[in-house]
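Below: the structure, in structure tokens.
Numbers restart at 1 for each chain; the letters A, B, ... are given by sequence-line order, proteins then strands.
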Amino acid sequence: MTSPRAPRGMHDTLPEDADLWRFIRDTAERVARLYDYRQIGTPIVEDASVFLHTAGDESDIVQKEVYLFDDRGGDRLALRPEGTAAVCRAYIEHGMSSRPQPVRLFYIGPYFRYDRPQAGRYRQLHQFGVEAIGTDSPEVDAELIDLQLTLYRELGFAPDELTLRINSIGTAETRRRFIEVLTKHFEPHVGTLSRDSQRRFETNILRVLDSKEDAGHPAVQNAPSILDYLSPEDAAHFEAVKRHLEALGIAYEVDPRIVRGLDYYARTVWEVEPPGAGGQSTIGAGGRYDGLIEVLGGPSTPAVGFATGIERIALNMRERGLGPSEERAPDVVTVPLGERGPAAAAQAAATLRAAGLSVRNGVPGRSMRAAMRGADASGARYALIVGDAEADAGTVVLKPLRGDEEQRTVAAIELSSVELSLDDHAEMDIDGDTVQLF
RNA sequence: GUGGGUGUGGCCUAGCGGUUAGGGCGUCAGGUUGUGGCCCUGAAGAUCGGGGGUUCGAAUCCCCUCACCCACCCCA
């Protein structure tokens, strides 16, 4: 009998990963607030229709990746595979169209897709998403891209380490026209395309354009560009987005082959990825989804947003050695000895904790040597030694484990006023701004 | 969903038909009596991912299965 493991494609976050994760979450929330976005939380499960009617019937997400189940009352529910549709559902449900527009929202949490796991692709994944609902202003498209890139920069990515690629896929109407053109274009060449592309020719012809297999195929390279089929309004919108990006000093590449996997996108779409470009390389992507709220039964409402994968960010940060470098260590570790030492040490620890210090209780019953080894290995700056002699005298021995400070004996009741040289911490607090390393 | 690779104590890894399955890191205990970091000694911990086969004999060969990884697909 083998013991149970975490479900396939789902992972534990271990203490050694937690610091990096928290750094990413804290930075994401901080940056979102910098742009005056406010947090929204939605349930992990939704009525299945929230996702099934919005993502597009041909999308893989709907075809095979949604975790679907009936609850005990017979309602059809889905584990959320993405955030945007749920946020829009909440926007409608809570009448947010009567708040000042656009409503600026962000969220962070787990999402679920029944997919074959590989590096950077998991069945339970975590996304940070940002949405601006209620405006079609191209400035807001640029604002979101700016916010997203600011996040990456704050996390430590150099500007040239990430590539922003943008495109406009027009409205549903322009796409319908473009698909006709594309179908005529590829029709004579279908036989020479890869099997995947042949399938996509039937199901989602836009995807033929960014097939990796057929990237060198003449018919793909000579394919018409959707940018030539935009309506004047869409083209003007796209031009405005680009102008605003330039005004913000943001470098971008226009890539007319970008399409999105979810049908609700319209006009601006973008992706951000490291130049290396591996398999699951996109770390964040976004776009405009002007039709989504109407599909969900709300008033016609334009909106833009992006989502970025925490795991993929973490993956890239680890590759680059970015993120908090400090090991998390307690300030003080107690070394309880003898009969009465442990109780007195625990009291001393409580005093220090009340003063805001992180104190680890040493394990009683060990030899002093072992206890000191443990204290040293913890990375703490001080060992607090309390044996029977100290317990009886109401004192405590404070031994610095780093630096050349002398060991001293202090009265237990005066512990809260004893000055400990924890300057390293203080400086780091200032330099790291809100980067809490301890 | 398609194709390929990998799977040895908590972690890294040697072994590639006959070994008590070896080492490093880590953990725990010691190196005399209450003081750590180096060093030394010892201990615990592996049915060699799981199941089935071939063989006198399998971690080593074969089959199935599971998990992970890579590419595709898709996507964050």
Side-chain angles (χ1 to χ4, degrees), chain A residues 1-11 14 16 55-56 58-65 81-84 108-130 148 194-197 199-200 203-204 207-208 210-215 258-262 270-273 278-287 305-316 333 335-338 341 362-363 365-390 397-403 407:
Chain A
M1 156 123 182
T2 53
S3 34
R5 305 172 53 105
R8 184 168 196 202
M10 304 193 183
H11 299 283
L14 300 178
E16 52 268 35
E58 285 302 331
S59 76
D60 272 30
I61 286 192
V62 167
Q63 291 274 304
K64 55 185 193 189
E65 294 178 11
E82 55 104 15
T84 302
I108 188 160
Y111 294 86
F112 302 85
R113 293 180 193 175
Y114 188 85
D115 203 352
R116 187 156 165 180
Q118 68 185 68
R121 182 213 269 174
Y122 311 103
R123 289 185 174 181
Q124 178 175 341
L125 57 119
H126 299 261
Q127 289 190 345
F128 168 66
V130 185
Q148 186 181 3
S194 67
R195 251 190 31 216
D196 277 325
S197 292
R199 176 178 56 77
R200 287 187 284 204
T203 59
N204 187 355
R207 283 239 162 251
V208 175
D210 71 352
S211 160
K212 282 174 183 142
E213 234 179 307
D214 288 322
I258 297 179
V259 293
R260 308 263 59 222
L262 305 172
W270 69 88
E271 295 181 352
V272 178
E273 63 176 32
Q280 310 298 320
S281 57
T282 301
I283 65 174
F306 75 86
T308 186
I310 308 292
E311 285 85 354
R312 290 190 184 176
I313 289 175
L315 214 58
N316 277 279
V333 173
V335 177
L337 303 167
V363 179
R366 290 187 175 171
S367 71
M368 187 171 195
R369 186 193 206 97
M372 285 301 295
R373 275 181 180 149
D376 181 65
S378 75
R381 252 162 309 282
Y382 288 91
L384 187 144
I385 305 165
V386 187
D388 288 332
E390 289 77 16
V397 174
L398 263 180
K399 180 184 172 68
L401 296 171
R402 303 177 53 93
Q407 157 177 332

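A/Arg8 has a side-chain polar atom (N or O) that falls below the 4.0 Å cut-off from OP1 or OP2 of B/C68. Considering only side-chain N and O atoms, A/Arg121 lies nowhere under 4.0 angstrom from the phosphate OP1 or OP2 of B/A76. One finds a side-chain N or O of A/Ser367 lying less than 4.0 angstrom from the OP1 or OP2 phosphate oxygen of B/G30.
Residue contacts for A/Ala285: at a heavy-atom cut-off of 4.0 Å it reaches the sugar-phosphate backbone alone, with no base atom in range. A/Gly9 comes within contact range of the sugar-phosphate backbone alone, with a heavy-atom separation under 4.0 Å but no base atom that close. Base contact: A/Tyr122 has a heavy atom under 4.0 Å from a base atom.
Ring pair A/Tyr122/A/His11 is perpendicular by interplanar angle, where above 60° counts as perpendicular and below 30° as parallel.
Across every strand in view, B/G57 sits unpaired, with no contact that passes the Watson-Crick or G-U test at under 3.5 angstrom.
Out of B/C74, B/A71, B/C68, the shortest distance to the side chain of A/Gln118 is found at B/A71. For A/Arg116, taking side-chain heavy atoms from C-beta onward, the closest of the listed nucleotides B/C70, B/A29, B/C74 is B/C70.
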Go along nucleotides 32-39 of chain B 5' to 3' and tag each nucleotide: B for a protein heavy atom under 4.0 Å from its base, S when only backbone or sugar atoms are that close, - otherwise. --BBBB-B
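Across all their heavy atoms, A/Thr308 and A/Ile283 have their closest contact at OG1-O, 2.6 Å.
In terms of position on RNA chain B, the residue among A/Asp115 and A/Ala6 whose nearest nucleotide sits closer to the 5' end is A/Ala6.
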